[in-house]
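For the numbers below, each heavy atom of this structure counts, side chains included, while hydrogens, waters and symmetry mates do not.
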Amino acid sequence: RGGAATWTPLTDGERSASVAALAFDEHEPRRVMVGYGATSSFARCHGHLGGLSKSEDDGASWTPIDNGGLFVGDDFRAGIVWRGTRVVVAPMPLNHVFASDDDGATWSIAKREFTALHLIGGGADGVLYAAGFDAVTDGGGVYASPDDGASWRRVSDAKLNRVFALGVARVSNAKLAVGGGASLFVVVAVDGRVSNVAHCGDAPRCTAWKHLDLPGTRERSGAVVGLNPGGQASLHLSAAALGEHVFVCGDRQDGPFPNSIGARDYSGRCFRGDATRAGTGLPLDDPEWYPSPQWQHLTNKPIAAIPDGGTASASSPHADSRAMVMLASGVLVEADDGGVYARTEPLTNGGDWVSLNSGGLAVTEAHDVAFDCGTNTPISGNQDTGTTFEEPAGGGVWNSLSTADGGDVMVDYESGRAQGVSYRYSSFQLLGNWQRTTFDSQGKLVATKSLDASAIADRQFVQPTLLEANDPTKLLVLGANTTYEFADRGETLVAATPIKLAD
């Protein structure tokens with residue numbers, strides 16, 4: 001609040017932590033509403049999908065809204081617009097736009113058989129925008145409503161409409177961003193990667209669209225890489241706008257590292273676009289491609305080919321973007337799988353990315369835990385934020401042992417007790433960076449040993465591992481089809497047994 005990185009938990013005691021959308025009442029910001037959804041990168045795991053919850057008192061108390069049970073099990077990631085007593089939502093897989101005129105007590109269908117990818121307010125009272133698929137009339141595109149969702153009109157042009165005609169199976173995502181006044185941007189992803197960025201300068205009429213080039217960089221390998229090198233735009237895509245500038249973030253940087261803009265790991269990948277500039281008209285796969293004057297990278301370092309890109313201190317946010325907003329102060333705030341970050345001076349390369357994750361924010365998605373009895377230290381394997389451990393024990397501060405998608409974690413205290421050490425095992429996805437770290441009784445790291453996983457041909461994304469109860473110097477690794485037994489604290493493979501399923 002107040003621009004400071006101080007956070008207060010508001011929904012820890014509520015029905016679910018699987019919040020996929022959040023909106024303030026545009027007329028009274030003390031009122032906030034959340035919608036639940038299945039948007040985790042960890043195999044879409046989620047808590048109870050109970051529809052919506054609203055608070056009238058800055059989040060101190062919450063009231064569930066489930067439309068008589070109809071909203072239970074639905075995904076509200078497309079968004080929520082709340083204006084006074086009027087609420088508009090577009091849950092999936094109900095695939096209608098619903099509206100309420102009494103703060104969610106009762107609902108009616110405002111647009112039938114419409115699968116929304118994104119629903120936003122249009123900056124002015126009454127104006128809404130939605131991007132998605134219309135099964136009743138014209139197939140899909142970008143739609144505008146002048147009357148809080150009571151009526152809708154498709155405003156996208158033929159080029160955008162052809163993209164949406166590919167259907168929900170191929171159009172992975174779409175994000176809308178209002179730049180103020182009559183400025184509207186749409187970013188569309190097909191098959192996991194951004195395929196179109198377009199700008200309308202006379203919204204909500206949108207009589208003409210300008211199609212921008214796609215953002216990208218040429219890497220040291222010679223390949224041109226766009227916004228989503230990981231192909232994860234179905235979840236990891238965000239957009240915000242300021243006037244005729246658009247800001248977009250995707251999934252991650254591409255290697256080998258350091259890459260062309262100075263990124264040294266799989267950090268966030270973001271660009272700034274300018275709809276007033278002329279483009280090159282070259283697609284990313286054109287052999288003659290060169291950086292478009294319409295785009296500058298918003299992270300890491302300026303480079304000769306894009307001198308206005310980069311940051312003051314080679315900074316970047318975490319990977320895997322989820323949402324982005326432009327504050328009235330001109331600061332860009334971005335949320336991703338690693339938390340919340342602010343980009344100062346986003347219109348130039350004189351600003352930097354600053355973490356807002358201190359001050360009580362707890363966003364880690366832990367899927368595996370272990371406890372080191374020798375140091376009273378909890379350890380966790382986390383989706384997208386690696387392996388972390390609390391240091392000092394009980395201090396509430398967690399340090400990173402490794403990054404990426406954390407795997408199963410284990411601790412062997414018994415076999416090292418006489419020597420006053422503990423052995424901790426960790427990895428990231430597909431048993432990458434599989435290692436054994438040795439800590440003394442004071443919690444000091446004294447040794448790191450890389451373990452060889454090359455014999456495990458059927459590795460899983462999160463690899464199940466466990467210690468043998470009677471002899472914790474022996475490890476079991478459960479592949480997709482085979483159980484592997486290691487001795488010598490993971491250094492020697494002694495058996496590989498195919499898994500036989502009962503009839």
Side-chain angles (χ1 to χ4, degrees), residues 42 45 362 364-500:
F42 192 65
C45 289
T364 301
E365 185 178 4
H367 58 75
D368 199 67
V369 295
F371 191 78
D372 187 337
C373 295
T375 58
N376 291 324
T377 302
I379 305 159
S380 64
N382 317 306
Q383 170 60 36
D384 211 57
T385 54
T387 300
T388 54
F389 60 97
E390 190 181 33
E391 186 182 42
V397 176
W398 290 71
N399 289 326
S400 178
L401 181 64
S402 61
T403 56
D405 294 308
D408 278 8
V409 291
M410 305 181 297
V411 176
D412 168 19
Y413 167 63
E414 293 299 326
S415 74
R417 184 198 298 237
Q419 293 77 35
V421 298
S422 301
Y423 302 100
R424 303 177 186 176
Y425 296 87
S426 62
S427 63
F428 56 63
Q429 66 268 22
L430 299 171
L431 211 60
N433 195 33
W434 190 27
Q435 62 180 354
R436 182 187 72 230
T437 49
T438 305
F439 287 78
D440 65 19
S441 59
Q442 304 303 310
K444 179 182 178 181
L445 176 65
V446 296
T448 299
K449 174 66 177 179
S450 294
L451 302 177
D452 184 4
S454 60
I456 304 173
D458 54 347
R459 279 170 269 178
Q460 303 183 65
F461 187 83
V462 177
Q463 182 63 64
T465 58
L466 67 155
L467 301 175
E468 288 197 12
N470 296 328
D471 183 359
T473 66
K474 294 181 179 180
L475 283 64
L476 293 179
V477 177
L478 182 63
N481 306 296
T482 308
T483 298
Y484 302 86
E485 182 179 351
F486 288 82
D488 304 322
R489 298 190 177 96
E491 295 186 34
T492 305
L493 176 64
V494 295
T497 306
I499 298 173
K500 295 182 179 180

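- Considering only residues two or more places apart in sequence or on other chains, Glu468 meets the salt bridge (Lys or Arg N to Asp or Glu O under 4.0 Å) condition with none of them.
- Residues forming a salt bridge (Lys or Arg N to Asp or Glu O under 4.0 Å) with Glu414 (at least two apart in sequence, or on another chain): Arg417.
- In terms of heavy-atom proximity, Thr387 sits nearest to Ser426 at OG1-CB, 3.7 Å.
- With rounding to the nearest 0.5 angstrom, the OH atom of Tyr413 is 11.0 Å from the CZ atom of Phe371.
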Worksheet item: Taking it one step at a time, do Glu365 and Asp384 satisfy side chain to side chain contact (heavy atoms under 4.5 Å, CB included)?
Response: CA-CA 8 Å; Glu365 185 178 4; Asp384 211 57; over 6 Å; no
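- Looking at heavy atoms from C-beta onward, Leu475 lies in side-chain contact with Met410 at the 4.5 angstrom threshold.
- For the pairing with Tyr425, the side chain to side chain contact (heavy atoms under 4.5 Å, CB included) check across Val411, Leu467, Thr465 returns one residue only, Leu467.
- Between Arg424 and Thr377, some side-chain heavy-atom pair lies under the 4.5 Å cut-off.
- Residues Thr388 and Asn382 have side chains in contact (heavy-atom distance under 4.5 Å, counting atoms from C-beta outward).
- Summarising the geometry, atom CG belonging to Leu478 is positioned 11.0 Å from atom OG1 belonging to Thr497; distances are rounded to the nearest 0.5 Å.
- The side-chain hydrogen bond (donor to acceptor under 3.5 Å, both in side chains) search around Ser415 returns Asp412, Arg489, not counting sequence neighbours.
- Every residue two or more places apart in sequence or in another chain that forms a side chain to side chain contact (heavy atoms under 4.5 Å, CB included) with Asn481 is listed here: Asp458.
- Applying the side-chain hydrogen bond (donor to acceptor under 3.5 Å, both in side chains) rule to pairs touching residues 438-450 yields nothing, sequence neighbours excluded.
- Under the ring-ring contact (aromatic ring centres under 6.0 Å, His included) criterion, the residue pairs touching residues 476-496 are Trp434-Phe486, with sequence neighbours excluded.
- Residues Val462 and Phe42 share a closest heavy-atom pair of CG2-CE1, 3.4 Å.
- Side-chain atoms of Glu485 and Leu493, non-hydrogen and from C-beta on, never get closer than 4.5 Å to each other.
- Every residue was checked against the salt bridge (Lys or Arg N to Asp or Glu O under 4.0 Å) condition with Asp405, not counting sequence neighbours, and none meets it.
- For the salt bridge (Lys or Arg N to Asp or Glu O under 4.0 Å) test, no residue two or more places apart in sequence or in another chain qualifies with Arg459.
- Applying the side chain to side chain contact (heavy atoms under 4.5 Å, CB included) test to Asn399 and every residue at least two apart in sequence or in another chain returns Phe389, Glu391, Val397.
- By the side chain to side chain contact (heavy atoms under 4.5 Å, CB included) test, Asp452 is found to be paired with Ser454, residues two or more places apart in sequence or in another chain being considered.
- Using a 4.5 Å heavy-atom threshold, the side chains of Gln460 and Leu430 count as separate.
- Of all non-hydrogen atoms in Gln435 and Leu401, the two that sit nearest each other are NE2-CG, 4.0 Å.
- Residues meeting the side chain to side chain contact (heavy atoms under 4.5 Å, CB included) test with Pro392, sequence neighbours left out: none.
- The side-chain heavy atoms of Val477 and Ile456, taken from C-beta on, include a pair separated by under 4.5 Å.
- Annotation: the span from Phe461 atom CZ to Phe428 atom CZ amounts to 10.0 Å, rounded to 0.5 Å.
- Listed for the Asp471 side chain is a donor-acceptor partner under 3.5 Å among the backbone atoms of Thr473.
- A search for side-chain hydrogen bond (donor to acceptor under 3.5 Å, both in side chains) contacts involving Thr437 returns nothing, not counting sequence neighbours.
- The backbone N or O of Pro378 sits nowhere less than 3.5 Å from a side-chain atom of Glu390 that would complete a donor-acceptor pair.
- Between the side chain of His367 and the backbone N or O of Gly406, at least one donor-acceptor pair lies under 3.5 Å.
- Here the closest non-hydrogen pair linking Asn433 and Ser402 is ND2-CB, 3.8 Å.
- In terms of heavy-atom proximity, Ala366 sits nearest to Ser380 at CB-CB, 4.2 Å.
- When every heavy atom of Ser422 is checked against every heavy atom of Asp372, the shortest pair comes out as OG-OD1, 2.8 Å.
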